[in-house]
Number of protein chains: 2
Amino acid sequence: MTTQIKPNKKEVTREKNQKLILDAAEQLFSQLGYDGASMSMVAKEAQVPKANILYYFKSKDGLYESVIDRIIANWNLGLDNVTINDDPATVLYNYIKSKVILAVEQPMQSRLFASEILRGAPYLQNYFRTNTRPWVKQKVDVLQAWMDADKMDKVDPYHLLFTIWSTTQYYADFQAEVLLVMNKLEYDETDVAQITQSITHIILKGIGLKIPEQSEN
Amino acid sequence: MTTQIKPNKKEVTREKNQKLILDAAEQLFSQLGYDGASMSMVAKEAQVPKANILYYFKSKDGLYESVIDRIIANWNLGLDNVTINDDPATVLYNYIKSKVILAVEQPMQSRLFASEILRGAPYLQNYFRTNTRPWVKQKVDVLQAWMDADKMDKVDPYHLLFTIWSTTQYYADFQAEVLLVMNKLEYDETDVAQITQSITHIILKGIGLKIPEQSEN
DNA sequence: AGCTTTACTGACCAAAAGGTCAATTACTAA
DNA sequence: TTAGTAATTGACCTTTTGGTCAGTAAAGCT
């Protein structure tokens with residue numbers, strides 16, 4: 001498919017090892033934070049000599065940045081291609097639902113971002129400025145257009161987005177608290193539906209929309 | 001007032017120093033997390049010899065626990081003495097408003113808790129089990145009673161509480177993100193009102209309540 | 001096969017971490 | 001006063017940290 005003619009054994013093993021390392025690092029950083037996770041822990045977890053990690057990633061900072069970069073590369077902010085002509089209820093319902101599923105099924109990435117932002121987002125500043133901010137601006141415009149067309153209540157679109165983000169991510173970032181309060185050991189199959197149901201009820205109704213009919217999927 | 005007859009110079013200076021240390025520790029832990037803040041940083045910030053901190057608090061863990069304990073001691077979960085006879089709209093409106101004010105005006109404590117929960121709440125487990133969980137149980141009962149009496153929509157009361165917590169705390173814990181996205185340097189005077197307005201509109205209307213008339217205060 | 005170059009890593013290092021302790025300095029009570 | 005006790009802390013210790021580097025192994029190329 002690509003121009004790659006010879007698989008090049010060197011590159012193959014390097015990429016395999018780098019993936020091993022990045023996986024281990026992602027897990028440890030999200031579990032223990034930047035300072036809590038050490039290079040030797042990552043090395044042990046990835047079953048790779050510590051010097052090898054430094055060889056690939058130059059420094060702990062470099063490794064951390066690579067972990068974040070990889071997450072961002074696969075990051076989908078959702079709400080792609082929304083336009084004024086779309087139905088706000090359907091769009092927002094699906095957005096919330098997908099964020100809840102993400103929060104429950106892969107909380108690690110959300111937590112890594114959370115601990116990064118808690119520290120003042122030293123490595124994400126640039127990302128927020130160049131990616132998130134324009135993305136938000138665009139969605140805000142669509143939301144505003146919907147409001148102007150009286151398709152939904154007039155609320156500050158920024159705070160509406162923050163409300164959606166906070167309510168959904170909460171189940172990933174604060175999982176420990178949620179489970180302790182609800183006296184559960186882990187989320188079960190019914191929780192995703194229950195959470196989605198509650199959040200969408202409150203938010204959609206809260207901005208004057210009706211929960212759309214469930215489509216099959 | 002108290003039985004304290006002689007002020008006892010020793011105790012006085014000890015408490016003064018401990019306060020100095022706890023203040024510094026609270027700031028540093030909330031800024032850098034448990035692993036990110038070191039004993040020598042705390043010592044420098046509190047302008048006290050490091051050995052003195054160890055003398056008072058036995059270990060870094062001990063200091064951290066004391067910081068958390070002090071916060072908890074002054075912690076007010078709010079919603080005290082709510083009963084079924086209260087007006088849900090007024091109660092919830094005031095609760096949300098007070099949480100927003102707290103988030104904007106003193107985000108440090110919220111962030112300390114957040115980073116603690118992110119790590120799986122090693123030091124808060126007990127607190128959640130013995131304090132938060134019963135507190136929640138009680139509020140959940142009141143909410144349920146309101147729902148049963150058709151005073152508000154029937155939604156899962158646990159998730160309603162999580163929604164309130166998440167939306168309000170977001171402005172403390174993720175301040176860096178909020179400010180970056182909104183392209184601000186810091187919250188200004190109008191933000192508290194704006195945030196409260198947006199959140200209460202969405203949540204109260206979302207559970208079938210009307211925003212109560214503003215009382216003077 | 002042999003030569004070059006890149007990939008790798010064990011051994012090592014300085015700095016910083018949390019923590020101990022013996023010596024010194026306050027206080028207190030008689 | 002002064003003896004006794006508790007408070008304080010400078011010096012020191014061990015472990016771990018992120019990071020370097022010289023030497024070895026492994027491809028790649030002709």
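In the text below, chain A, chain B and the rest are named by the order of the sequence lines, each starting its count at 1.
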(message) Rounding to an integer number of Å, can you tell me how far A/Arg14 CZ sits from C/dT5 P?
(response) 19 Å
(message) Going by side-chain hydrogen bond (donor to acceptor under 3.5 Å, both in side chains), name the residues that satisfy it together with B/Tyr127, two or more places apart in sequence or in a different chain.
(response) none
(request) Output all residues satisfying ring-ring contact (aromatic ring centres under 6.0 Å, His included) with A/Tyr123, sequence neighbours left out; order by chain, then residue number. (result) A/Tyr64
(request) Could you verify whether a donor N or O on one side chain and an acceptor N or O on the other, from A/Tyr171 and A/Asp191, lie under 3.5 Å apart? (result) no
(message) Once rounded to the nearest 0.5 Å, what's the spacing between atom OH of A/Tyr34 and atom CG of B/Asp35?
(response) 12.5 Å
(message) Rounding to an integer number of Å, can you tell me how far B/Phe29 CZ sits from C/dG18 C1'?
(response) 12 Å
(message) Please tell me if A/Tyr55 has a side-chain N or O lying less than 4.0 Å from either OP1 or OP2 of C/dA7.
(response) yes
(message) For A/Gln197, give me all partners under side-chain hydrogen bond (donor to acceptor under 3.5 Å, both in side chains), at least two apart in sequence or on another chain.
(response) none
(request) Would you tell me whether B/Asp188 and B/Thr190 have side-chain atoms, one donor and one acceptor, within less than 3.5 Å of each other? (result) yes
(request) Work out how much the helix from C/dA1-D/dT30 to C/dA30-D/dT1 bends between its end axes, five pairs an end, to the nearest 10 degrees. (result) 10°
(message) Looking at A/Asn52, I'd like to know whether one of its side-chain N or O atoms comes within less than 4.0 Å of OP1 or OP2 on C/dT9.
(response) yes
(request) Going 5' to 3' through nucleotides 12-22 of chain D, assign each nucleotide B (protein heavy atom under 4.0 Å from a base atom), S (under 4.0 Å only from sugar-phosphate atoms) or - (no protein heavy atom that close). (result) -----SBBB--
(request) Using distance alone, with no hydrogens and no angle criterion, decide if A/Gln31 and B/Arg119 have a side-chain donor and acceptor under 3.5 Å apart. (result) no
(request) Could you pull out all residues at least two apart from A/Tyr95 that satisfy side-chain hydrogen bond (donor to acceptor under 3.5 Å, both in side chains)? (result) A/Trp165
(message) Heavy atoms only, 4.0 Å cut-off, all strands: where does B/Phe57 land among base, sugar-phosphate and nothing?
(response) nothing
